[in-house]
Amino acid sequence: MNNNNNKIILCLVIAACVAPFIIISAAFAQDDIQQLQHDIFVDRERPAAVFPHALHADELGIDCLECHHIYKDGENVWDESELSDCTGCHSLKADGKKMSAMRAFHTNCKDCHLKENKGPVTCGECHTKKK
Amino acid sequence: MVAIYEFVRGPLALISFAVFFVGCIYRIIWYVKGLDWRLDRVAYSTQRSLGIKGAIRSLFHWLLPLNRTTVNHPIFMGATYLFHLCLIIAPLFLVAHVVLIEESWNISWITIPDPIPDYMAMVVIAVGVFFLLRRLTNPDVKIITDGSDYLVLAIAVAPFITGILAYHQIFDNQLMTILHILAGEIMLIAIPFTKLCHFVLFFCSRIQLGMDYGIKRGGAHGRGIAW
Amino acid sequence: MAEEAKTQEEKPQDKRPLVSRVPVKDKEMLDLLLADRGVTYYEEMKKFPVDTEAFKKTLDASCKSRIRTWLKICAHCGMCADTCFFYLANDRDPKQVPSYKIQSTLGEIVKRNGDVDTDFMINCMDTAWGKCTCCNRCGMYCPHGIDMGVMFGYTRGLCFSQGFVPHEMKIGSGMHWIFNAQMDVTVEDYVETCEWMVEENEEYYPGLTIPVDKVGADIMYVVNAREPKHYPQDLAVAAILFHLAGESWTVPSKGWEGTSLAMFAGDWACCKQQVENVYAAMERLKVKRYVGTECGHQHRATITEGPYWAGRKSGDPPVPGLHYVEWVLEALETGKLKLDPAKKIKEPCTLQDPCNYVRNHGLTDVTRKIMSYIAEDFREMSPNREHNFCCGGGGGMNGIGRYRKERNIGLKVKRDQILATGTKFVVSACHNCWDAIRDLEEVYKIGIKWSFLKPILLEMVIVPDHLKPKEEEEGANE
């Protein structure tokens with residue numbers, strides 16, 4: 001009986017320890033992100049841009065800080081515990097030094113693709129029509 | 001390919017806009033400096049108010065379809081007005097263009113929803129085809145047509161054909177977008193150097209003839225003549 | 001090529017070449033040309049070389065942005081085609097499309113910067129004088145505001161400077177150089193004709209005078225040389241109407257002629273000296289206003305274009321210039337001239353709008369108002385006013401034998417316009433239009449009459465009692 005209880009407690013402890021990691025990884029790994037679907041873009045002129053997160057983060061192993069950022073004194077201090085919803089900061093219109101959401105995405109994606117000579121750069125390559 | 005894109009999107013765009021603006025301004029200066037009250041036999045400077053009145057009159061009647069040519073040839077003139085209207089408005093207020101310009105030079109202006117320029121581009125192409133068929137079949141037009149007429153028609157319509165293909169993502173999008181940008185740049189560069197210079201010289205010519213009629217040919221008499 | 005021409009020009013006097021790049025300024029040359037009647041002249045022209053160097057210089061000096069722009073931006077749209085009466089009269093021949101006509105002549109000259117040959121220039125001449133009357137109608141319909149009439153005027157100047165000018169036009173400008181008139185009428189001839197006309201008519205209009213060179217008159221009346229030469233009665237009627245209207249008026253001795261065949265010929269230097277004669281008379285006689293006779297191109301040459309040839313920056317002549325119709329309307333509206341309403345023209349009649357003072361000087365309403373005084377059943381042609389077609393004989397066309405066939409074809413448009421009004425009587429206050437309408441009756445025999453305003457007015461005018469001849473009064477008392 002005691003033995004059984006111990007086993008249950010051990011399981012709970014393990015679960016309690018592992019759970020945050022599962023939740024965190026579910027939240028941050030985001031294997032399922034395929035498009036930049038943000039609710040603030042209500043009236044879209046073009047379809048949402050294609051963005052396979054896993055391709056960038058996992059397969060290509062691009063540093064998260066390449067995209068995710070929070071600047072303090074000119075330094076990107078973002079870490080995985082921070083907010084990762086882009087449109088939480090970037091709204092439809094530019095706000096001071098903060099780029100508008102569209103511009104932030106365009107700049108972030110295209111500049112890198114051009115620099116790396118990889119990935120789509122033209123309008124229709126990202127904003128693909130649903131087929 | 002990305003390198004080509006980068007080139008047409010960046011330096012070439014800048015060059016073509018520069019050529020376009022400088023070229024157009026040069027054309028206007030060249031035109032105005034070439035006016036000569038004795039050779040043209042129009043007292044431009046001494047009869048200024050009559051001249052301005054005549055010029056405004058001329059522009060008003062021809063920028064709007066309020067002239068006899070439109071009455072006599074409603075189909076051709078209607079098509080022409082539509083062609084020019086769409087040709088100017090569609091690219092100027094297209095979201096994608098304004099976004100690219102904003103990202104490059106931090107200036108932007110109002111835009112119109114994508115379906116409108118999409119239809120407008122189709123109108124430009126359709127009227128372009130009408131112009132082409134007319135050139136090929138109407139004997140009065142055929143006799144005055146030369147190679148440059150087909151060339152400028154192609155230059156003017158090409159950005160709209162490639163634009164539609166790029167927008168609707170027909171064929172390879174990167175290639176099509178590059179071709180579209182190139183076509184647009186060719187048009188911008190061609191404007192000061194070809195017949196397309198009527199982009200600015202139309203206004204010069206209309207204003208001049210308006211002043212001619214306003215000052216010399218009856219502008220001071222009665223109701224005046226609108227041309 | 002240029003040297004060849006020089007040697008030609010240096011031949012002995014009795015074999016003087018008829019074709020040359022210089023205007024006719026001596027009587028002998030004029031007589032040679034008149035005697036030739038164009039036969040040898042056009043033969044010579046076929047071998048006359050183009051001075052391409054001089055041509056380039058002329059182009060550099062005179063072909064500026066306005067004309068170069070017109071040639072460049074022509075969209076080749078063909079909207080000008082059916083605005084041209086020659087195109088319509090020639091069964092819509094594409095070779096008569098104004099844009100084609102100018103592009104294939106001036107357009108090529110500019111493109112080749114004057115490097116053209118004799119055959120090309122003869123074609124230019126045949127187009128500039130034989131396929132265009134410089135009526136400027138096409139310019140009103142061009143969406144780009146391209147005035148091909150103005151360009152053909154300019155082309156005529158280029159042709160003239162190279163010696164490629166119709167025989168009669170060369171003579172015309174020569175007449176102006178030698179006589180300051182389009183015909184061989186001297187100042188003495190003119191003054192004598194004035195005196196003669198007074199003698200002929202003073203019996204019926206006591207006190208009638210034609211004051212020559214009266215300083216300080218209100219009106220200086222200037223005529224067309226044809227009037228003293230061929231229709232002196234026209235001068236008499238003008239005098240009678242001024243007399244009955246009680247005007248203070250005069251005619252100048254020197255400077256009496258207002259027309260300018262030099263304008264049709266494209267001899268700009270001659271245009272200048274011609275119009276300066278008239279302006280000098282205005283200034284010499286210190287008149288208040290100028291009134292020109294019923295001539296379209298006289299008004300264009302003396303009032304509209306003249307100030308520019310004379311270098312007047314204001315674009316205005318020294319004193320305000322009226323066309324005869326403007327004076328007539330003023331006299332009718334102010335009551336200086338009173339017409340007998342019972343004598344109004346009863347039959348339906350129509351009115352010819354001359355290009356030179358309607359389309360090119362805006363006098364659209366004046367003639368119509370006059371018609372309301374003189375006609376009971378006035379019917380408009382269609383199109384009319386500034387949209388009216390050229391009579392078919394403008395721009396010198398009437399006078400050039402080489403293009404008589406083309407002219408007669410061109411007249412069909414006016415013929416059909418007149419027929420469409422259903423009238424048999426055409427009022428025309430322009431010599432050229434009057435001639436063209438007379439000739440179209442001769443060629444097509446549609447049974448019409450035509451008239452200047454002056455004879456009509458004379459017919460209807462009420463002579464004030466104090467100006468009536470004594471006999472008539474006595475007769476009336478009996």
Side-chain angles (χ1 to χ4, degrees), chain B residues 27 30-43 45-47 58 62 67-69 72-73 76-77 80 131 134-135 138-146 149 152 194-195 197-198 201-202 204-210 212-213 215-227, chain C residues 61-70 72-83 87 92-95 97 99-100 103-104 136 139-147 150 154 304-305 307-309 311-316 326 357-366 383 385-387:
Chain B
R27 278 283 180 196
W30 167 82
Y31 186 87
V32 174
K33 284 190 99 170
L35 292 178
D36 184 316
W37 69 273
R38 288 189 86 151
L39 285 175
D40 303 346
R41 301 205 291 266
V42 181
S45 53
T46 54
Q47 308 265 16
S58 173
W62 287 90
N67 49 70
R68 280 253 180 146
T69 305
N72 293 348
H73 299 276
F76 175 79
M77 289 299 281
T80 305
F131 285 164
R134 193 168 167 272
R135 278 215 184 285
N138 184 325
D140 298 337
V141 184
K142 227 157 99 179
I143 196 169
I144 45 180
T145 295
D146 57 34
D149 293 312
V152 294
T194 63
K195 230 176 247 306
C197 63
H198 74 264
L201 290 180
F202 162 82
C204 295
S205 172
R206 276 250 73 92
I207 288 170
Q208 193 280 330
L209 194 68
D212 188 332
Y213 270 102
I215 292 168
K216 186 173 81 171
R217 300 198 232 172
H221 288 108
R223 68 202 173 94
I225 299 174
W227 289 270
Chain C
S62 62
C63 190
K64 302 285 189 180
S65 62
R66 177 175 71 153
I67 285 176
R68 286 179 193 274
T69 294
W70 276 344
K72 182 154 183 100
I73 68 172
C74 173
H76 299 162
C77 71
M79 285 296 107
C80 53
D82 60 6
T83 67
Y87 168 86
R92 310 179 85 88
D93 178 2
K95 290 208 156 147
V97 174
S99 169
Y100 174 76
Q103 299 280 347
S104 61
N136 301 86
M140 293 192 71
Y141 290 81
C142 172
H144 278 179
I146 299 170
D147 196 325
V150 168
Y154 174 71
T304 317
E305 312 284 0
Y308 298 96
W309 293 324
R312 300 183 61 84
K313 219 173 171 191
S314 65
D316 291 325
E326 290 178 280
Y357 64 83
V358 175
R359 181 154 39 248
N360 284 295
H361 209 202
L363 302 182
T364 46
D365 293 329
V366 178
R385 297 172 181 261
E386 68 267 29
H387 296 282

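Here is how names work: the chains are called A, B, and so on, in the same order as the sequence lines, proteins then strands, and each is numbered from 1.
For chain C, the nearby part of Asn72(B) is the side chain; its heavy atoms alone come within less than 4.5 Å. Neither the backbone nor the side chain of Thr80(B) comes within contact range of chain C; no heavy atom of the residue lies under 4.5 Å from a heavy atom of that chain. Using a 4.5 Å cut-off between heavy atoms, Asp40(B) contacts chain C through both its backbone and its side chain. Using a 4.5 Å cut-off between heavy atoms, Asp82(C) contacts chain B through its side chain alone, with no backbone atom that close. Of the two parts of Val150(C), only the side chain, counted from C-beta on, holds a non-hydrogen atom closer than 4.5 Å to a non-hydrogen atom of chain B. When heavy atoms are compared at a cutoff of 4.5 Å, Phe76(B) approaches chain C solely by way of its side chain, counted from C-beta outward. With a 4.5 Å cut-off on non-hydrogen atoms, Trp309(C) touches chain B through its backbone and its side chain both. Cys80(C) does not touch chain B: none of its heavy atoms, backbone or side chain, sits under 4.5 Å away.
Note: Ala75(C) leads Ser104(C), Ala75(C), Ala61(C), Gly315(C) in heavy-atom pairs under 4.5 Å with chain B. Of all the listed residues (Arg92(C), Lys64(C), Gln103(C), Lys313(C)), the one sharing the greatest number of non-hydrogen pairs under 4.5 Å with chain B is Lys313(C). Contact count versus chain B (heavy atoms, under 4.5 Å) is highest, among Tyr154(C), Tyr357(C), Tyr308(C), for Tyr308(C). Ranking Val32(B), Asp36(B), Thr194(B) against chain C, the residue ahead of the rest is Thr194(B), based on heavy-atom pairs under 4.5 Å. Listed options Asn138(B), Val141(B), Leu35(B), Leu39(B) were ranked by heavy-atom pairs under 4.5 angstrom with chain C; first place goes to Leu39(B). For the set Ile143(B), Ile215(B), Thr46(B), Ile207(B), the entry with the most heavy-atom pairs within less than 4.5 Å of chain C is Ile143(B). In terms of non-hydrogen atom pairs under 4.5 Å with chain C, the most contact-rich of Ile144(B), Asp149(B), Val42(B), Thr69(B) is Ile144(B). Most heavy-atom pairs under 4.5 Å with chain B: of the set Gly311(C), Gly78(C), Pro383(C), this distinction falls to Gly311(C).
Judged as a salt bridge (Lys or Arg N to Asp or Glu O under 4.0 Å), and not counting sequence neighbours, Arg27(B) has no contacts.
No salt bridge links Asp146(B) with Lys195(B); every basic N to acidic carboxylate O contact stays at or beyond 4.0 Å. Classification of Arg41(B) and Asp212(B) as a salt-bridged pair fails, no side-chain N sitting under 4.0 Å from a carboxylate O.
Judged by distance alone, the side chain of His76(C) and the main-chain N or O of Thr145(B) form no donor-acceptor pair under 3.5 Å. In this structure, Trp37(B) contributes its side chain and Ser314(C) its backbone to no donor-acceptor pair below 3.5 Å. No donor-acceptor pair under 3.5 Å is formed between the side chain of Ser205(B) and the backbone N or O of Leu201(B).
No more than 12 heavy atoms of other residues, nucleotides or ligands shown are found within 6.0 angstrom of NZ on Lys95(C).
Looking at Leu209(B) and Arg217(B), their side chains come closer than 4.5 Å, going by heavy atoms from C-beta outward. Between Arg68(C) and Cys63(C), some side-chain heavy-atom pair lies under the 4.5 Å cut-off. Side chains of His198(B) and Val152(B) form no contact here, defined as non-hydrogen atoms less than 4.5 Å apart.
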